[in-house]
Amino acid sequence: MNRLPYPARRIEERWQRFWDERGTFRTNPRPRRKFYVLEMFIYPSGDMHMGHARNYTIGDVVCRFLKMQGYDVLHPFGWDAFGLPAENAAIEHGSHPSKWTFESIDLCKRNLKLMGIAYDWDREITTCLPEYYRWDQWFFIQFYKRGLAYRKEALLNWCPKCQTVLANEQVLEGRCYRGTCRAPIEKRKMTQWFFRITDYAEELLRDIDKLEGWPNSVRVMQRNWIGRSEGIEIDFILDGTGEKLPVFTTRPDTLYGVTFMALAPDAELAGTIANGTGREAEVADFCRRVLLRSEIERTAATGDKEGIFTGRYAINPVNGERIPIYIADFVLASYGTGMVMAVPGHDQRDFEFARKYRLPIKVVIQPEGSPITDPERLNAAYTGIGILTGSGEFNGLRSDEAIERISDYLESRGIGRRKVNYRLKDWLISRQRYWGTPIPMIHCERCGIVPVPEDQLPVELPPDVQDYKPKGTSVLASVQSFYETTCPQCKGRAHRDPDTMDTFVNSSWYMLRYADPKNDRLPFAREAVNTWLPIDLYIGGIEHACGHLVFFRFFTKVLADMGMLDFREPAKTLLTQGMVSHNGVTMSSSKKVGVWVGPFTSEYGADAARLAVLFAAPPEKNMDWTDELVTGVTRFLGRIWRLYEENGNAIRFTPPDTGNLSETERQLYIRLNQTTKKVIDDTTAWQFNTAIAAQMEFLNDLYAFTERNSPVFGFALGRLIFLLAPFAPHLAEELWHRQNPEKGSIFEERFPEPDPAFLSSDSIEIVVQVNGRLRDHLTVPVGTTEEEIKRLAMSAPNARPFIDRGKVVRVIYVRDRLVNVVVKEEK
RNA sequence: GCCGGGAUGGCGGAAUCUGGCAGACGCAUGGGACUUAAAAUCCCAAGACCCCAGUGGGGUCGUGCCGGUUCGACUCCGGCUCCCGGCACCA
């Protein structure tokens, strides 16, 4: 790594203070051309590494660049300050979670300031403060009133290490999503609060099509996560009792091929179905055994299926067939009705199960062309479409037609209902931990569940907790002063809900709060959010694709339905930046591996750090931080510094008189304008790496330019300061102020525009190909006719021998680019 | 298994959308200048192979693999291989 030839840290401090005091990046409350650029806020947990720095630098470049282009930019920051690590740190150090949290916030804020990130700190928000989380509670109550927040008993994901339940989105490969936990998840039956996100499944899915500024990968991930499938719920009949047994299928065309029923071991019915058959003990035993397996064992099971006969039968409503009911471990209680009609002939899972338990396999769909003659000799189910057979009045239909006809038939007789099912589940938001937003609900012995009256919000987290250690029950239940309360309705004895909310609730609407962060009457004023939102550019990691990035869309839609805002999608454009590793190891605060902002900037400065993360790769790609990377950018900064030191007197900001330029001046001036255009184009497309490369190239041109007294050279120096400003703002501000001590910040100036008259030179280079292979070059003046260029190409000395090898069949001319002579060789 | 993305020098990457000089820019490397010396700095070279020639010029091959379209393919189309990511018994 290279030393810089200037005291970077000192210069950077000066200008950081200058911007701060001047309020350079304070938001204009009455924007004319608004642009809202937002980086996902941070969970403050200790020090900040270059992975964070990359995220914030990208946003900062956009902010500074657009401000210089005349936009009114909103660029705020805040703290996602509730969460488990604070509690764990408090347990470890015997202090309060807030202590660790606010210390972390201070540290992070210092780091952001060290990096020179241009935030409007007047709009800072902190989710663990009552002035913020009271609105979490307020939203909760509104959701409750609208039926979007509800309690139910369900089999839930339980993290034994964190001692709390988790949402589906927080279970990765059967383990806790938290990087330092990763404990295998267990299942527990509990009564908990949910948000009814499934009410919005359809719209969340449909509107993905509108998110044109989002990366395709994220859109696909969300589509799959929501997982829509169209089908029909069909009522089978329980033999003996006549009870209805609804099952969901997308393939009613295979209804005549059902040879058994399969029930999930954790479905409600599984507990009672065997009653009276004499198989109760066996069945109960099987269910218990299956459910004891952890999520990991269940999902890692390589398709080996297990089941047990319940002793009961179902009646197929279309043909009256009596079919055995099994309990099978491959059936999910949480999808559809928790029971499936099994068609081993046409479903691979059912096929495997049938083979194992010697159940019959019926073929009712014949593939067109090569019919199946002997079902017993199949070695896999035929899952494609085909012609129906053995299906009564539906024989001869094609599958797609049969699906419709059979569905119509079932619906008309009241034994089936077309239905759409989603993979997406309602969002479980209760957590049995302390450091979060208390759920503003009261449990009264007489009145049941009663929301805390809105004028009593916030329900503050009690600060005087003795023990944060999770015990498997809610921490707040043991804080008497909090837990014991009176019912707002009957004034009788009651207790507060002792759970706190998932921290993803806090982050589902924070982007709205920035528009109006100090409002103490409402979460935000409608006018303010409609002014600034939707977010024009949202920057963050792709790991949130199916979590936060779904939740904040959900909130936006609910709030739009509540009439609180006039848009239904929170972010127009999403930029998912890649991760940063250090010599191959992904940087991580919790694992304490990485290159840290503090030590690095004190040695090399923020501008070097910024250029390093920007130049290494395009923003969405992963990058590796190496010493060599730093060498490259510090050398670039040093070269700029030296050039300006040597030519301080030449720098000028007024354009040269283009009327009498020498040939070399003219060429430099053209290069300057081309570079200006490229920096603007690339930055607009967020191709920061090539925008910087263009500046490096131009710097090389300046070094090679010998007429140092030329006004073109001086103007180029002046212009380059502007081009550099969004990327290395401190150095640019320093160079600007040396020349313009009386003026304000360079970021109050306008970004330069290229002079269109000097974007291309007056001669062009034409490539001469023979049969598509490069043979020679021509340099011709602009305006040379096609005929002339073709003639010159035909006689180009290096092309001639190849042309002479045969007969010219065709001559292709591409304007301003090339001539290709097609020659047919003679033997 | 299904879905998405990718593969370019010794390395990070550029050109790919819209077919037209592949390898911009940077790192590492080699050479030179400056220096007592080193570092730093400045300048130059550089895909691989080959030929003529001697310090320049030319040729062949070359963007994961096979094939196609085209005057021309890193770019478009078809088929594969490998890597990364997401989901994973979703009926």
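Per chain, numbering begins at 1; letters A, B, ... match sequence-line order. Values below: every heavy atom of this structure, side chains too, minus hydrogens, waters and symmetry copies.
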Of the listed B:rG58, B:rA91, B:rA24, the closest approach to the A:Asn798 side chain comes from B:rG58

Just to confirm, is there a sub-4.0 Å distance from OP1 or OP2 of B:rC89 to any side-chain nitrogen or oxygen of A:Lys305? no

Please compare A:Ile812 and A:Ala704 by the position of their nearest nucleotide in RNA chain B and report the one closer to 5'. A:Ala704

Roughly, in whole Å, what's the span from CG in A:Asp776 to P in B:rG57? 12 Å

Considering every strand and a 4.0 Å limit on heavy-atom distances, what is the contact class for A:Asn700: base, sugar-phosphate, or nothing? sugar-phosphate

In chain order, what residues pass the ring pair (Phe, Tyr, Trp, His ring centres under 6.0 Å) check against A:Tyr604, with sequence neighbours excluded? A:Phe600

Matching residue for A:Asn157 among A:Lys187, A:Gln170, A:Glu169 - test: side-chain hydrogen bond (donor to acceptor under 3.5 Å, both in side chains): A:Lys187

Please give the distance between the P atoms of B:rC2 and B:rG9 as a whole number of Å. 30 Å

Checking one value: the base orientation of B:rG64, syn if chi is within 90 degrees of 0, otherwise anti. anti

Do the side chains of A:Lys419 and A:Glu230 get close enough for a salt bridge, i.e. N-O under 4.0 angstrom? no

So A:Val822, base contact, sugar-phosphate only, or nothing? Heavy-atom distance under 4.0 Å. sugar-phosphate

Using atom C1' in both nucleotides, what's the gap between B:rA48 and B:rA22 to the nearest angstrom? 14 Å

Nearest whole angstrom, please: distance from the P of B:rG57 to the NE2 of A:His777. 13 Å

Can a side chain N or O of A:Arg423 be found less than 4.0 Å away from OP1 or OP2 on B:rA88? yes

Spacing of the P atoms in B:rA53 and B:rC34 (rounded, Å): 36 Å

Taking atom types as modelled, is there a side-chain donor on A:Thr254 or A:Tyr382 under 3.5 Å from an acceptor on the other? no

Counting side-chain heavy atoms from CB outward, which of B:rC21, B:rC87, B:rG72 is closest to A:Leu172? B:rC87

Nearest whole angstrom, please: distance from the P of B:rG1 to the CG of A:Asn224. 17 Å

In whole Å, what is the span from the CD atom of A:Gln687 to the P atom of B:rU16? 10 Å

Less than 4.0 angstrom from a charged side-chain N to a carboxylate O is my criterion; do A:Lys305 and A:Asp350 meet it? no

Does this structure show an ion pair linking A:Glu202 with A:Arg228, if we count only N-O contacts that are shorter than 4.0 Å? yes

Closest-nucleotide mapping onto RNA chain B: is A:Ala616 or A:Trp225 further toward the 5' terminus? I mean the 5' end. A:Ala616

Is the distance from the ring center of A:Tyr357 to that of A:Phe260 below 6.0 Å? no

Sticking with atom C1', work out how far B:rC74 lies from B:rU16, rounded to a whole angstrom. 7 Å

Mind checking A:Pro618 for me? I need base, sugar-phosphate or nothing, with any heavy atom below 4.0 Å counting as a touch. sugar-phosphate

Nearest to the A:Arg773 side chain among B:rC21, B:rA14, B:rU60, which nucleotide is it? B:rU60

Greater than 12 external heavy atoms within 6.0 Å of A:Lys677's NZ: no

As a check on the pairing definition, encode RNA chain B in dot-bracket form, counting Watson-Crick and G-U wobble pairs whose two distances are under 3.5 Å, and using | for partners outside this strand. (((((((..(((.......[....))).(((((.......))))).((((((...))))))..(((((..]....))))))))))))....

Taking atom C1' in both B:rC80 and B:rA7, compute the distance separating them and give it to the nearest angstrom. 14 Å

Counting side-chain heavy atoms from C-beta on, which of B:rG20, B:rC89, B:rG58 comes nearest to A:Asp329? B:rC89

What nucleic acid atoms does A:Phe353 come within less than 4.0 Å of, heavy atoms only: base, sugar-phosphate, or nothing? nothing

Can you pull every protein N or O that's under 3.5 Å from an N or O on nucleotides 4-7 of chain B?
unit_1 : atom_1 : unit_2   : atom_2 : d
B:rG4  : O3'    : A:Asn216 : ND2    : 3.3
B:rG5  : OP1    : A:Asn216 : ND2    : 3.4

Pairwise P distance, B:rC77 and B:rC82 [rounded to whole Å]: 22 Å

Among B:rG86, B:rA24, B:rA91, which nucleotide sits nearest the side chain of A:Thr250? B:rA91

Charged N to carboxylate O under 4.0 angstrom, A:Glu765 versus A:Arg817? no

Between B:rC83 (C1') and A:Lys621 (NZ): distance, integer Å: 12 Å

Can you find a heavy atom in the side chain of A:His346 that is under 4.5 Å from one in the side chain of A:Val364? yes

Please give, in whole Å, the distance from B:rA91 P to A:Asp253 CG? 14 Å

Could you give the distance separating B:rU8 and B:rA24 at their C1' atoms, to the nearest angstrom? 13 Å

Residue A:Asn689, side-chain atoms from C-beta onward, closest of B:rC25, B:rA22, B:rA14: B:rA14

Is A:Gln769 side chain donor-acceptor paired with the B:rG20 base, going by distance under 3.5 Å alone? yes

Which is true for A:Arg228 with a 4.0 Å heavy-atom rule: it touches a base, it touches only sugar-phosphate, or it touches nothing? nothing

Should A:Arg639 be listed as having a side-chain N or O under 4.0 Å from OP1 or OP2 of B:rC43? yes

Mind telling me if B:rG9 is syn or anti? Syn here is a glycosidic angle within 90° of 0. syn

Span that lies between the P atom of B:rU63 and that of B:rC25, in whole angstrom: 22 Å

From the list B:rG13, B:rC25, B:rC71, which nucleotide is the closest neighbour of the side chain of A:Ala617? B:rG13

In whole angstrom, what separates A:Leu629's CG from B:rC25's P? 17 Å

Among the nucleotides B:rG20, B:rG26, B:rA91, whichever has the atom closest to the side chain of A:Phe248 is B:rA91

Closest non-hydrogen atom pair between A:Met794 and A:Val811, with its separation: SD-CG2, 4.1 Å

In whole angstrom, what separates A:Asn771's CG from B:rG59's C1'? 16 Å

List the steps and the verdict of side chain to side chain contact (heavy atoms under 4.5 Å, CB included) for A:Lys678 and A:Thr690. CA-CA 8 Å; A:Lys678 183 157 174 63; A:Thr690 49; 4.3 Å; yes

A:Glu786/A:Arg815 salt bridge by N-O under 4.0 Å criterion: no

Choosing from B:rG13, B:rC27, B:rC71, which nucleotide comes nearest the side chain of A:Arg635? B:rC27

Can you identify which nucleotide, out of B:rG20, B:rC71, B:rC25, has its nearest atom closest to the A:Phe615 side chain? B:rC25

Phosphate oxygens OP1/OP2 of B:rA91: is one of them under 4.0 Å from a side-chain N or O of A:Ser229? yes

